[in-house]
Amino acid sequence: MESSRKARGTKTQEEQWMVENDVGQIYSWVSSIPPNAQSVFLEIRRDNHIQYLMHGLNNLAPSFSTLDANRPWICYWILHSIALLGDSLDGELEHSTIEFLSRCQDPDGGYGGGPGQMPHLATTYAAVNSLITLGGPKSLSSINRVKLRAFLLRMKDASGGFRMHDGGEVDVRACYTAISVASVLNILDDELTQNVGDYILSCQTYEGGIAGEPGSEAHGGYTFCGLAAMILINEVHRLDLPCLIDWVVFRQGVEGGFQGRTNKLVDGCYSFWQGGVAVIVQKLHSVICEQLGLSNVLDSECDSESYHDYETSDISDVEECTVETSCPLGGTCHHRKEDSFADIGVDFISSKRAIAPIFSSMHLQQYLLLCSQEGAGFRDKPGKPRDQYHTCYCLSGLSVCQYCSSADASSPPLARDILGPYPNLLEQLHPLYNLVLDRYYEAHEFFSKF
Amino acid sequence: MDVLQKSSERIPLSQRPEYADVKPVAQDDGPNPIVPISYTDEFRETMDYFRAIYVTDERSLRALQLTAEAIKLNAGNYTVWQFRRLVLKALNADMNKELDFVDGIVERNSKNYQIWHHRRWVAENLGTDLSTRELEFTKKILSKDAKHYHAWSHRQWVLQALGGWKDELAYCELLLKDDIFNNSAWNQRYFVVTRSPLLGGLGAMRESEVTCTVNAIMEHPENESPWRYLRGLYRNDTQALVKDPQVASVCLKILTAKNNYVHALSMLLDLLCHGFQASLEIRNAVYGLSDSGAQGSDLVKVVCSILELVDPMRANYWKWRRNMAPAQAAQCLKDDGLTGLSL
């Protein structure tokens with residue numbers, strides 16, 4: 001680090017230059033070694049990661065006391081990571097997990113951060129996603145959906161948003177966790193979705209991204225939450241999508257990874273929050289065209305013959321929809337059948353991508369594998385310690401990258417789309433819920449029965 | 001753990017007479033818990049006593065004290081915070097002292113949702129003029145971390161709920177003078193300009209704001225913040241953006257200087273897609289940036305091609321913009337009733 005740089009830049013610039021320096025050193029070192037050696041460094045160290053994750057599942061150090069109200073989260077981060085790595089728990093651990101999460105479940109609905117704690121939307125999301133990741137009828141049937149729905153309704157706020165817990169804060173995260181859980185458990189309806197779209201819309205900032213609360217700064221985590229929630233309640237057309245897209249693509253920096261906010265530092269976890277947004281919008285092409293007042297303009301690289309629009313309305317029937325005004329058809333131009341909130345998740349994943357990825361998948365994979373990946377576990381950036389949260393979201397980001405160039409969910413990625421050896425291929429995930437796809441399908445099937 | 005607090009200083013709850021009749025309640029983790037935390041004895045004991053008080057819903061002074069100890073061990077325990085609020089209400093406690101309590105723990109726990117939510121609740125309950133104190137409080141946090149997300153949210157809440165707008169624009173300007181790349185300060189500026197009851201609203205402020213923003217851009221054309229802010233000033237009024245000569249002018253200056261011109265090109269692209277008619281000067285400045293010396297009537301295509309080269313991280317995005325643009329521009333002409341005219 002050149003000392004001549006001192007006092008020449010603002011705090012933002014200095015911090016950015018330091019990270020670029022650290023990352024640059026790693027990249028130039030790797031490019032200086034022979035290709036055979038390079039591919040070793042690009043390998044996902046599966047066994048090491050799984051060992052690290054399993055250890056956390058069985059024992060956590062005293063320093064984890066500050067996460068004592070977040071244990072379902074730790075559970076999800078570990079279970080989801082293991083699932084992405086293509087592994088699973090043995091029967092005994094599975095049983096222990098279901099048992100433990102059942103103790104976190106409140107008799108009146110929802111899950112708390114630990115046994116005896118008040119139910120909380122984020123820990124509910126984490127617990128439900130953990131149980132779905134485990135899969136199997138015992139795990140899935142342990143969720144009391146009736147009570148959970150009542151809990152979600154109690155958390156609804158007059159503003160349209162949701163409260164995280166009784167007497168808790170209202171923000172876009174709460175909206176997403178509530179909606180995601182309701183959607184995946186097939187208990188989503190108009191009563192729950194009412195006014196949520198208004199609240200999320202009010203959180204889209206002048207930059208294009210979405211903030212936690214109206215007026216706050218556009219932020220990757222909240223942008224993911226807001227976008228995913230809007231899709232799940234079938235109101236994504238109300239967001240200014242061209243503006244959102246322009247914002248998110250500029251969040252990918254020279255390092256290859258994503259930053260959470262404009263002019264802030266890269267962080268591996270945003271590989272999912274921001275990278276996820278980037279892949280989600282690949283499927284919103286027709287909505288974007290409508291917003292721009294265009295007839296459906298398809299990317300020349302895509303197979304337009306097999307294009308399948310997940311929306312049921314015919315494009316030609318839709319009057320011009322601008323983002324500033326509500327739809328002239330009284331908000332019904334995208335209206336779905338009454339009970340079809342249930343199909344949004346599955347229709348989304350089965351619809352074909354109309355456009356190629358709008359971000360640099362290979363650069364992101366490079367950042368994740370070389371800068372975020374540690375001997376075991378993943379981290380924010382070089383110099384930061386690894387943790388289960390970053391392991392989860394870095395792996396999720398990697399999966400998103402690996403699958404983003406496939407035309408649809410059923411075609412396996414090509415070798416050229418995977419950085420490193422082909423065995424680096426992780427399991428595919430559903431970006432709206434961040435669940436391994438197979439587990440999502442199983443849950444969808446299970447919960448659609450009643 | 002707290003390095004400064006020696007374990008010898010703390011008297012275990014089991015030895016404190018004021019808790020003598022409390023029967024601690026162990027955590028119901030079950031026989032084979034997963035993600036089990038190796039709690040210290042202090043932590044386990046404190047939470048066992050808290051559970052006892054919580055289960056009986058005892059809203060007393062000793063309950064209040066217990067919540068303080070539990071919070072200090074884990075400021076993320078929202079159940080403890082929520083219960084503390086119930087106790088404070090039941091005791092009709094001094095909310096000013098409660099602010100002092102939060103002051104005391106925020107330094108070590110500032111990135112914690114629960115603390116900030118509690119602070120907001122206390123401020124709401126106080127109902128007296130807290131604006132000054134809360135603005136000072138957030139200012140202190142921001143002086144150490146000028147992008148602290150919770151601090152900014154709280155500050156915005158204070159302004160809207162309790163007032164105090166008078167010096168806010170000046171505060172933004174101060175922060176931006178210190179670090180023109182501070183996007184949080186730009187965001188706050190937008191907040192003030194659009195919502196302050198003391199200013200005239202965006203319409204009245206726009207012209208002067210555009211001038212400020214353009215100056216910031218000229219200082220550092222690579223700084224994304226003022227470019228987004230500039231677009232923001234014309235939110236819901238793209239035609240005014242297209243027609244503002246200051247906007248076209250700053251693009252031209254930067255393209256001519258041939259340095260850090262990605263955002264300038266990106267802005268030009270947006271303008272063109274909204275029907276902007278580029279002057280000969282702008283056209284030449286763009287052609288001057290193109291290696292292949294590409295000329296031709298489709299300026300949009302030339303702009304996108306240059307961007308694909310000089311901003312390779314977003315090459316795919318610029319390709320997509322290139323594909324979308326012709327239809328967009330044609331639509332604009334259609335909207336303006338100008339069909340039949342060639343581009």
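Every chain is numbered from 1, with letters handed out A, B, ... down the list of sequences.
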Q. Distance-only, no hydrogens or angles: does the A:S65 side chain make a donor-acceptor pair with backbone N or O of B:Y39 under 3.5 Å?
A. no

Q. Is chain B contacted by the side chain of A:R71, its backbone, both, or neither, given a heavy-atom distance below 4.5 Å?
A. both

Q. With sequence neighbours excluded, what pairs up with B:E222 under the side-chain hydrogen bond (donor to acceptor under 3.5 Å, both in side chains) test?
A. B:H220

Q) Given a strict heavy-atom distance threshold of 4.5 Å, which part of A:D68 is in contact with chain B: side chain, backbone, both, or neither? A) both

Q: Give a yes or no on whether the backbone of B:T79 and the side-chain of A:H120 come within a donor-acceptor separation of less than 3.5 Å.
A: no

(Q) Minimum heavy-atom separation for A:L57 and B:P36, please, with both atom names. (A) O-CD, 3.5 Å

Q) Would you find a donor on one side and an acceptor on the other, under 3.5 Å apart, between the side chain of B:N316 and the backbone of A:F359? A) yes

(Q) Under 4.5 Å from any heavy atom of chain B, what part of A:L364 do you find: side chain, backbone, both or neither? (A) neither

Q) If you look at every heavy atom in B:S38 and A:N59, which pair is closest and at what distance? A) OG-OD1, 3.2 Å

Q | Region of A:T123 in contact with chain B, defined by heavy-atom distances below 4.5 Å | A | side chain

Q: Please look at B:Y229 and chain A and tell me whether the side chain, the backbone, both or neither of the residue comes under 4.5 angstrom of a heavy atom of that chain.
A: both

Q. Is the closest side-chain donor-acceptor distance between B:S184 and A:K264 under 3.5 Å?
A. no

Q) Given a strict heavy-atom distance threshold of 4.5 Å, which part of A:Q13 is in contact with chain B: side chain, backbone, both, or neither? A) side chain

Q. Any idea which of A:S96, A:A218, A:S216 has the most non-hydrogen atom pairs under 4.5 angstrom with chain B?
A. A:S216

**Q.** Under 4.5 Å from any heavy atom of chain B - which part of A:H363
**A.** side chain

Q) Is it the backbone or the side chain of B:H154 that comes under 4.5 Å from a heavy atom of chain A, or both, or neither? A) neither

Q) Taking the six-membered ring for Trp, are B:Y78 and A:H165 parallel (under 30°), tilted (30 to 60°) or perpendicular (over 60°)? A) tilted

Q | Contacting region of B:R155 [heavy-atom separation from chain A under 4.5 Å] | A | neither

Q: Mind checking the CD-CE spacing from B:Q114 to A:M164? Nearest 0.5 Å is all I need.
A: 9.0 Å

Q) Where the side chain of B:N77 meets the backbone of A:Q117, is there a donor-acceptor pair that is under 3.5 Å apart? A) no

Q: Could you tell me whether A:R261 sits above the aromatic face of B:Y149, with NZ or CZ closer than 6.0 angstrom to the six-membered ring centre and within 45 degrees of the axis?
A: no

Q.
Report which part of B:W318 has an atom under 4.5 Å of a heavy atom belonging to chain A: side chain, backbone, both, or neither.
A. side chain

Q) Can you say whether B:F181 sits under 4.5 Å from chain A via the side chain, the backbone, both, or neither, judging by heavy atoms? A) both

Q) Is the backbone of B:N187 close enough, under 3.5 Å, to the side chain of A:E217 for a donor and an acceptor to pair up by distance? A) no

**Q.** Pairs of heavy atoms under 4.5 Å with chain A: top-ranked of B:G76, B:P31, B:A315, B:S153
**A.** B:S153

**Q.** Residue part contacting chain B, namely of A:A278, when any heavy atom lies under 4.5 Å
**A.** neither

(Q) Can you give me the closest heavy-atom contact between A:D246 and B:R321, atom names plus distance? (A) OD1-NH1, 3.7 Å

Q: Please look at B:V25 and chain A and tell me whether the side chain, the backbone, both or neither of the residue comes under 4.5 angstrom of a heavy atom of that chain.
A: neither

(Q) Need one label for A:I78: side chain, backbone, both or neither, based on atoms under 4.5 Å from any heavy atom in chain B. (A) side chain

Q: Go through the atoms of B:D178 and report whether side chain, backbone, both or neither lie under 4.5 Å from a heavy atom of chain A.
A: backbone

Q) Non-hydrogen atoms of chain B under 4.5 Å away: do they reach the side chain of A:Q252, the backbone, both or neither? A) both

**Q.** A:K11 with B:D179: basic N within carboxylate O range, under 4.0 Å
**A.** no

Q: List the steps and the verdict of salt bridge (charged side-chain N to carboxylate O under 4.0 Å, His left out) for A:E213 and B:R120.
A: CA-CA 14 Å; A:E213 294 178 84; B:R120 209 182 276 203; 2.9 Å; yes

Q. Quick one: does B:L233's side chain get under 4.5 Å of A:Y206's, heavy atoms only?
A. no

